[in-house]
**Student:** 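One structure is given below, represented as structure tokens, and several questions about it will come after.
The chain is numbered in sequence order, starting from 1. Side-chain atoms are counted along with the backbone in the values below, which use heavy atoms only and exclude waters and symmetry mates.
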Amino acid sequence: MAAVSFAPLAVALPLLGAALAFVLRRHTGAQRAVTSSTLALTLVLEVWMLAGAWRHGAQAVLLGGWAPPWGISMVVDEFSSLMLVVSTCVSLAVLLYASGQGMADGERGGSISVFHPAYLILVAGVSNAFLAGDLFNLYVGFEILLTASYVLLTLGGTTARIRAAVTYVVVSVVSSVLFLLAIGMIYAATGTVNMADLALKLGEVAPGTQVVLHLMLFVAFGIKAAVFPLSFWLPDSYPTAPAPVTAVFAGLLTKVGVYAMVRTETLLFPGDRINSLLMVVALLTMLVGILGAVAQTDVKRMLSFTLTSHIGFMVFGLAVGNVVGLAAAVYYVAHHIIVQTSLFLVTGLIERRGGSSNVDRLGSLARLSPVLAVLFFIPAMNLAGIPPFSGFLGKLGLIQGGVELGTPLGWVLVGGSVATSLLTLLAVARVWNRAFWRKAEDAENPAPVLLATTSSGSPMTTYGTAANSGSRGDSALLPRGMVVPTAALVSLGVALTVFAGPLFQLSEQAARQMLERTPYIEAVFGAEATYAPGSLK
């Protein structure tokens, strides 16, 4: 039986796991086992689906046996299946990190009973969005993940988290309402919300109406993806959450918006009608975001600004509109999910080991915790695009796409991407030099835990009790249950470089099929589908 037949389980398994985790809310050990087992089983299923998409191309499953466009369809192609695998890998690593943190803290702080059900519901929403074959099911996926994210963002109930959550909720509701309005207008204009059907029917709509529908979807997804100037909400929302929540938000939520943008731009609105606008948005997103990052002293805020900045690279690949650029964008999305999540997890370890995430209060971390130094250095260089890491390979592909385009705006984008990479290197190098390399005594306002460690040589634990030795103290501050998942995710980022050849081949295949559009349409309607003349232009 084809793997695509089991695609609904990628959504159903996390939802069933969430229900069981809620039933076991008084048994945290059982909750952890259920949640991690559910994600591991889902990952195995999605790897099988990715292998099937690589061999057979786009395939669809029709829920309930209803023929398209009336029924709900889930489509598995190279792009969606790659996103499923990467997102679940990241979700599993973050879950293990959160479990390790909960056990180290004696179940205080973030390890409350609602975390595991909400987390699995978030994963279900992400999976549903990646698999959705119609706009309304895509909307449902967004709402599922956003509802779960509201819960996760306010865990702990501090004033700062509630304030950040209010901004996040308001912005999310505005984007969702705009998306829903766009869906209603599209249905009124075409009589369908099935994306394969829309690919055939939107071409028959009046050009002015097409532009309005196109821009409404672009703005709705732009808010969710945090592109400039719609990214104002992100730097103040993400850093206040617990480290695992911030990490999974940074890795996944904006990428679902990017995925929706890529899917609709290539399938529903082909051509170069707004490509110039996309290029300008990509350039401003890269530059404004990275200038904000350079100005930060808090590592979490710096990473939040680099997150918004590097969304611009993905829009860059979409905007150039050729196979090379789009393939590089697909590869770069996978790269960025893993690397950005890794850095936020490492920042949680920095805050735990150094007592702060502000570089003005940090120092001597390379000497006190060499493992932590390595865990930061590798993804930081990867994010900056230093050869031979995957960040360099993805950016090189984007530059090739811009050069192949050959327009003045394309060359400006190439220059902007190079400048953004150099400024990213400056931002992460500043953190490296100040937090890891200099002496703690030279910090402007050093954290007490660092001064206690460097002066006595006997590191302090999180609760202020001296450890018997340097190694044991470092182990107490950096529990193995948090370090191992972080190291695994960092290693996965390195694997993107080791296996760059087949991954780029997969990305190129995905880009080619998205630009052709017929494989997606035939997956839904069958190879015998007939098209009206000019409907695929």
Side-chain angles (χ1 to χ4, degrees), residues 225-228 231 234-235 238-239 246-247 250-251 254-255 258 281-317 325 328-329 331-347 350 357-359 362 373-402 412-437 489-490 493-494 496-497:
V227 300
F228 182 84
S231 56
L234 192 149
Y238 284 7
T246 302
T254 53
K255 308 312 181 300
V258 171
V281 167
L283 180 64
L284 292 176
T285 301
M286 286 190 289
L287 294 179
V288 173
I290 201 59
L291 289 174
V294 171
Q296 303 305 312
T297 58
D298 186 89
V299 182
K300 290 187 289 186
R301 285 187 60 83
M302 182 274 290
L303 290 175
S304 295
F305 276 100
T306 61
L307 167 62
T308 61
S309 174
H310 285 234
I311 296 295
F313 283 101
M314 304 166 205
V315 180
F316 175 6
Y331 179 83
Y332 199 82
V333 172
H335 146 85
H336 198 257
I337 289 174
I338 294 170
V339 171
Q340 195 77 47
T341 306
S342 301
L343 283 169
F344 272 103
L345 292 184
V346 173
T347 303
I350 290 174
S357 61
N358 192 311
V359 293
L362 296 172
V374 172
L375 291 178
F376 176 82
F377 184 80
I378 293 175
M381 294 300 101
N382 204 340
L383 184 70
I386 301 300
F389 290 116
S390 56
F392 169 77
L393 299 176
K395 291 172 184 175
L396 182 61
L398 292 169
I399 290 171
Q400 289 175 338
V412 171
L413 262 179
V414 168
S417 66
V418 173
T420 301
S421 296
L422 293 175
L423 289 173
T424 302
L425 178 60
L426 174 64
V428 296
R430 184 169 178 265
V431 174
W432 172 259
N433 289 333
R434 292 168 67 81
F436 288 89
W437 203 246
L489 205 55
V490 171
V494 174
L496 292 179
T497 303

**Student:** Any idea which heavy atoms bring S357 and T347 closest together, and the distance?
**Tutor:** CB-CG2, 4.2 Å
**Student:** If only side-chain N and O atoms count, and only distance matters, is there a donor-acceptor pair under 3.5 Å linking H310 with T420?
**Tutor:** no
**Student:** Does W432 CH2 have over 12 foreign heavy atoms under 6.0 Å away?
**Tutor:** yes
**Student:** Can you say whether the rings of Y332 and F313 are parallel (under 30°), tilted (30 to 60°) or perpendicular (over 60°)?
**Tutor:** tilted
**Student:** Looking at every non-hydrogen atom in both residues, tell me the closest pair between A380 and L343 and how far apart they are.
**Tutor:** N-CD2, 3.8 Å
**Student:** On the ring face of F344, is K300 found with NZ or CZ under 6.0 Å from the centre and within 45° of the axis?
**Tutor:** no
**Student:** Between T497 and P388, what is the shortest heavy-atom contact and its length?
**Tutor:** CG2-O, 2.9 Å
**Student:** Side-chain atoms of residues 282-291: list all donor-acceptor pairs with protein atoms under 3.5 Å, sequence neighbours left out, distances to 0.1 Å.
**Tutor:**
{"from": "T285", "atom 1": "OG1", "to": "F228", "atom 2": "N", "distance (Å)": "2.9"}
{"from": "T285", "atom 1": "OG1", "to": "V281", "atom 2": "O", "distance (Å)": "2.6"}

**Student:** Is there side-chain contact between M302 and D298, with heavy atoms separated by less than 4.5 Å?
**Tutor:** no
**Student:** Give the intermediate values and the outcome of side-chain contact (heavy atoms from CB on, under 4.5 Å) for residues K255 and I311.
**Tutor:** CA-CA 8 Å; K255 308 312 181 300; I311 296 295; 4.2 Å; yes
**Student:** Taking all non-hydrogen atoms of both residues, which atom of A226 and which atom of S231 are closest, and how far apart?
**Tutor:** O-CB, 3.2 Å
**Student:** Is a side-chain N or O of T306 found less than 3.5 angstrom from the main chain of L303, in a donor-acceptor match?
**Tutor:** yes
**Student:** Would you say the side-chain atoms of R301 pair up with the backbone N or O of G292, donor to acceptor, closer than 3.5 Å?
**Tutor:** no
**Student:** Can you measure from CG (N358) to CD1 (I350) and round to the nearest 0.5 angstrom?
**Tutor:** 12.0 Å
**Student:** Please find the pair of heavy atoms, one from G325 and one from L398, that lie closest to each other, and give the distance.
**Tutor:** O-CD2, 3.7 Å
**Student:** Please evaluate residues H336 and L307 with respect to the criterion side-chain contact (heavy atoms from CB on, under 4.5 Å), reporting the C-alpha separation (whole Å), side-chain torsions for both, the decisive distance (0.1 Å), and the verdict.
**Tutor:** CA-CA 9 Å; H336 198 257; L307 167 62; 3.5 Å; yes
**Student:** Looking at side-chain heavy atoms only, is the closest gap between F392 and I386 below 4.5 Å?
**Tutor:** no
**Student:** Quick check: closest heavy atoms across S390 and H335, and the distance to 0.1 Å?
**Tutor:** OG-ND1, 2.9 Å
**Student:** If you apply the rule side-chain contact (heavy atoms from CB on, under 4.5 Å), what do you find for L362 with F436, and how did you get there?
**Tutor:** CA-CA 8 Å; L362 296 172; F436 288 89; over 6 Å; no
**Student:** Examine distances only and state if a side-chain atom of N382 and a backbone atom of I378 form a donor-acceptor pair shorter than 3.5 Å.
**Tutor:** no
**Student:** Report the distance from atom CG of L426 to atom CG of N433, rounding to the nearest 0.5 Å.
**Tutor:** 9.5 Å
**Student:** Going through the checks in order, is the side-chain contact (heavy atoms from CB on, under 4.5 Å) test met by K395 and S417?
**Tutor:** CA-CA 8 Å; K395 291 172 184 175; S417 66; over 6 Å; no
